[in-house]
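Chain letters run A, B, ... following the sequence lines, proteins first and then strands; every chain starts at 1.
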Amino acid sequence: MNVSLNWLATHVDLKGKTPDELDKLLTFAGVEVEGIEVKGVSSDKIVVAQIMEAVQHPDADKLKVTQVDAGDGQLRQIVCGAKNYKVGDKVPCCLPGADLGGFTIGETKMRGVESKGMLAAASEIGLTDVEDGLMILPADSPIGTPVKELFDNDVLLEVEVTPNRPDLLCHYGMAREMATLLEVPLKPLDLPLHEGFTADGVKIEAPDACPLYTAVKITGVKVADSPAWLKERLESIGLRPINNVVDISNFVLHELGQPLHAFDAAKVTGSLVIRAAKDGEEFLALDDETYTLLPEDCVISDESGKALALGGVMGGADSGVTGETTDILLESAYFTPSRIRRTSRRTALSSDSSYRFERGVNPEGVLAGSALAVKLILEIAGGSAEPVMRLAGEVPALTKPVTLDLAKLDQLTGGSISYDEAATILARLGLASNADNTWTVPAFRADLQRHIDLVEEIVRVKGLDAIPSRLRGTYVPSSAVDAAYDADMRVRERLAGLGFHECQTIKLIADAQVADALPLKPLLPGDTIRVSLPLSEDHAVMRPSIIPGLVASAERNVRQGAGALRLFELGRVFRNAGGGKAKDLESDTLGLLLSGDALPSGWARKDSTIDLYDLKAVIAALVPTAPLQLNPRDRDGFALACDIQAGGQNLGSFAMLLPSRQRELDIDSPVFVAELDLTKLRKFVAGSGSIEELPQFPGSTRDLALEAPASLANVEIERVLAKVKEPLLTGFECFDVFRDPSGEKLAADRKSIAYRLSYRAADRTLKTGEIDTAHQAVVAALTKALPVGQR
Amino acid sequence: MKDQIEAIQAEALARIETAGDARSLEDARVAILGKKGTLTEVSAGMRDVPKEEKAAVGQLLNAARQAITASLEGKQQAIQDAADRQALEGIDVTLPARALHHGSLHPLTIIRHDAIRILRRMGFALAEGPEIEDEFHCFDALNTPADHPARNEKDTFYFDSGKLLRTHTSSVQVRTMEGQAPPVRIIAPGSAYRRDEIDATHLSVFNQLEGLYVDTDVSLGDLKGTLEYFFHELYGPKTEVRFRPHFFPFTEPSFEIDVKLEVKGQAPRWIEVAGCGMVDPAVFEAISSSRKDPAYDPEKVTGFAFGMGLDRLAMIRWGIKDIRLLIENDARFLKQFA
């Protein structure tokens, strides 16, 4: 909302207050000041000048060469591009040296013609443009006078009023607040009230939506342009003047916060009827759009049954004031906020009126608003008003006495605010003290309903600075979430140590990206969750997996020329499972993506591209205490897909992007991805609970090379080794694999695979014979269980 | 014999002296001290030395052996030293390092961890809740009326099921209080969602950190002290912090917190970093009816709550001008946090 300080000054004396002081005052009262704009002419070197001559510029079609009298004894030649003036007009002239907020006017040549200054438009010298072109000053303006002496400077504050303070949505309300904060008097409003009321001519059929409705008939008005002072008021806050009647209702809205509406009385048949709209009723509004209404909407209608206005939101196209209007019906009413909010939201129709009604206007301001408007209409547009106001319903009582609990005030403020001070603040805010610390709340402060609301006011006015800080707390046990967080940080730090960059990708992804998902369990139709009304199709689905985001990040980085892609992200993934219970919808996973150079190449190292064992190594580093195994499992859209197994648990999924997908992404080396269940992974990174004793006696190793069918997986051999009942065998590790596709050294469908076997006894140093016997038993077990032979 | 020994010794020492590398030194050693070495052979002559001369010759022999051995060892050391020196000669230490991949934590993780560390030092425990929420936990229980502007499809992501993506982490307050009696002293970092078009200052998915402290005597002083301490720890003890009165449905009184941002070459300015306030009694009433017990009777407990945007805290910390850098994962950006 825009607030003009000149306008405020009609209600409260703000002399001597700088804009910065007022900014601070409002900021600490809870009104955010988003901008301060000083309106008005600042430079003394902008003076009134009369245009004495204007001739075409010899070399520029759009320029004229003028001679002006700026009061300095001789004519001044100025080149000017404006068209809206005539010779003899008085205009602002910026003399050389005039500072126009950042640049200074000098003497120049324009297209070869000397120009000693600048003739200015209003906006160029800090005033509001009314004309298109030069500002035409009144004919009686004395030549040579600084223009700043002709206009009041003004300061425009752009403020953000919180939804609980609709009373501040007008200049009188803002002035009242400032008077309270500055402890200065508020000038009284002097409004002639109506002589009486009649229930004739208005009828409320929808008291829920409109508990109070008034109308005053004014006959014989002359609709015309507004006087200068009224135009200036409206223009000062950025409103465009229309005609005197409309301008007056706008003025009252911004003065008192009471929205009004003027009907052309000639277009109203009989009484005004305030009723619920009919289901499907069509309404043509002022904006020339037709709206289809529902019974939750409230319309102002007449005895013809036609809807003349959408109550509290917007007038109708056919019933408003026009240049031909002579008799008007001036509406001032109270509409129920929630009803206006619903109508405004559903119809997407919003106005200065609905903005105020939906936040709640002062019900006692209904009569005052009407009175002020009637007074101004009679003064400005003439005519005569019915002395008796048409009124239906009653003023709703929105406030009630509130008790201030002093013990609670002390508790909350640490006893830092005395009761006297609290009482003084409430009184300044317009509350009236009753017995038993009970306070009567003025009608314009319907937000003050409870003890705590009074405390809020006291603290707000007093300022939090006055309340001493306290450093103190309660000890609480750490939670399961703490443990999970700590484990996640260990995972993060370990991965960063392994050269991975942590990513944060957006959790809403496109449908097309779902194909890159690698959740623990493959997605079934209906498993993805879509938001009802996505901002765009790029962000429509809750990610079922972290991989799509990482793939998109990889693609972006490849475009930027990244040679190595080592990305990870920890975070939440979403899927429909188990009937949509909250717990089933969300889980936390770790996503990994690895592609490009295994190690950065340079003078000391040649290029080396990663393969799947590199990513497997990274996963192994996350589960160092448990043997890791990848078990192949087909997945649509991926190659080499596997389940990740460690410690007898399925930890997640591992795969390579299909080469076709990789080419599509323009990545020129294989892309390996993995997604792990964080809930399970956290247990592995928590560290082991106990340590193993170090061996007392040395162990020995024996190497064993096996010849096996090329298709026999390492895991088959390891499985047998793990099961061999040989107590001396304490470990094994594959250290060599050899194949010869040419078939020269080894048949092409065979491979040699070699293991280093470790033997040890806990209680003695093994003798060679013992080791030999054990080793032979192991070899025998292998050759018996598998189609392998010792080489 | 004596002359012979002296001659051998002189010849041996000369030979050792001229040995230029480990190989010729070893040859010399074998030629002198080996099985058929000159000194070994002359030592064998001890048998024939008359008894009365044995002691003197023996002494001479020993002295010769010691001198030769010492010379050998000295020469060996010298050759080794020379070789060691040579091995290191010409190494250009100014060549670039053999590169390793340097990983990094995401700036949001760094700022979140800083925030959590500070708050844990003050005794807060972590809490969490679902991101797909229901209206009760996101709005109703937080005193947000049914027709509140935040509760419409233009500002909030809804699902066909009627659930929604939480618009703030404040829903975790409700879930925590439902499951746990006072005292409650928790922080909840997490994602929140608003239907904002993504631009330089907005993300539709952003990161918040929520805090809640409920006990029998929590005051405005506690709120102020806690958050002043927090921002002094996060941005430095000289950071100016101010509390501006504000309005939130779920706290009363409510404040927004600004810190004064001092960037070299710029005029200092106040920048909003958090919202906070005393938990509105209406929230305690909602919790009480949800729990069906008097644990959160607003006559007995008070509390404060706060929420801050982690993305914004990160932007301030590192002078990040475009919030989208936080979700684009450009390695050139991420590397700066290695």
Side-chain angles (χ1 to χ4, degrees), chain A residues 27-28 30 162-164 338 341-342 345 411-414 452 456 459-460 464 467-476 478-479 481-482 485 492 495-508 531-533 535 539 553 557 560 562 564 566 572 580 582 585-586 600 602-605, chain B residues 95-96 98-106 108-109 113 122-123 125-128 130-132 147 152-153 157-161 165 183 185 191 195 197 204-205 213 215 217 219-222 224-225 228-229 243-247 252-253 255 278 280-281 302 326-332 334:
Chain A
T27 298
F28 283 96
T162 53
N164 59 324
S338 58
R341 216 173 295 159
R342 212 177 309 161
R345 199 132 297 145
Q411 185 274 320
L412 223 52
T413 63
I452 194 72
E456 188 271 337
V459 170
R460 182 176 70 87
L464 200 57
I467 295 173
S469 303
R470 187 160 77 163
L471 279 174
R472 188 198 66 119
T474 308
Y475 290 2
V476 296
S478 67
S479 65
V481 188
D482 278 298
Y485 175 80
R492 288 186 167 102
L495 286 168
L498 290 167
F500 279 71
H501 291 296
E502 187 182 14
C503 295
Q504 184 197 227
T505 65
I506 193 155
K507 289 177 191 170
L508 283 160
V531 295
S532 302
L533 204 63
L535 266 173
H539 305 294
S553 297
N557 276 300
Q560 299 297 346
R566 304 167 74 85
R572 209 155 275 194
L585 290 168
E586 302 180 22
W603 65 273
R605 187 158 48 214
Chain B
L95 278 170
R98 182 169 292 131
L100 292 174
H101 289 297
H102 297 289
S104 59
L105 297 181
H106 195 278
L108 270 165
T109 294
H113 195 55
M122 289 189 269
L126 282 165
E128 66 171 6
E131 294 176 22
I132 297 179
D147 54 8
N152 73 69
E153 291 225 319
F157 289 111
Y158 281 87
F159 298 98
D160 293 342
S161 65
L165 282 170
R185 195 167 166 86
S191 292
R195 261 187 108 256
E197 291 286 353
S204 48
V205 186
Y213 175 35
D215 205 341
D217 175 28
S219 72
L220 278 161
D222 294 323
K224 201 178 145 201
E228 281 171 347
Y229 177 86
F243 292 77
R244 272 186 294 111
H246 199 70
F247 171 78
E252 180 82 330
F255 303 90
M278 302 305 295
D280 195 296
T302 51
L326 295 175
I327 55 161
E328 281 171 353
N329 306 305
D330 190 316
R332 296 169 302 174
L334 297 176

Below 4.5 Å from any heavy atom of chain A, which atoms of Phe243(B) appear? Answer side chain, backbone, both or neither.
both
Scored by heavy-atom pairs under 4.5 Å with chain B, the best of Phe500(A), Trp603(A), Tyr475(A) is Trp603(A)
Flag the pair Tyr158(B) / Arg195(B) as yes when at least one side-chain heavy-atom distance between them is below 4.5 Å, and no otherwise.
no
So which residue, Asp330(B), Leu220(B), Asp160(B), Asp222(B), ends up with the most heavy-atom pairs under 4.5 Å with chain A?
Asp222(B)
Could I get the full list of side-chain contact (heavy atoms from CB on, under 4.5 Å) partners for Ser478(A), not counting sequence neighbours?
Asp482(A)
Under 4.5 Å to a heavy atom of chain B? For Arg472(A) that would be both
When you check the gap from the basic side-chain N to the acidic O, do Arg470(A) and Asp217(B) get nearer than 4.0 Å?
yes
Who wins among Leu471(A), Ile467(A), Thr474(A), Thr162(A) for the most heavy-atom pairs under 4.5 Å with chain B?
Thr474(A)
Residue selection (most heavy-atom pairs with chain A, distance under 4.5 Å) from Asp215(B), Leu334(B), Thr109(B):
Thr109(B)
Provide the closest heavy-atom pair for His539(A) versus Leu508(A) in the form atom of the first, atom of the second, distance.
ND1-O, 3.0 Å
Pair count under 4.5 Å, heavy atoms only, with chain B: among Gly30(A), Ser532(A), Ser338(A), highest is Ser532(A)
Between chain A and each of Pro281(B), Gly123(B), Ser161(B), Ser204(B), count heavy-atom pairs under 4.5 Å; write down the option with the most.
Pro281(B)
Could you tell me which residues satisfy salt bridge (Lys or Arg N to Asp or Glu O under 4.0 Å) with Glu131(B), sequence neighbours excluded, listed by chain and number?
Lys507(A), Arg572(A)
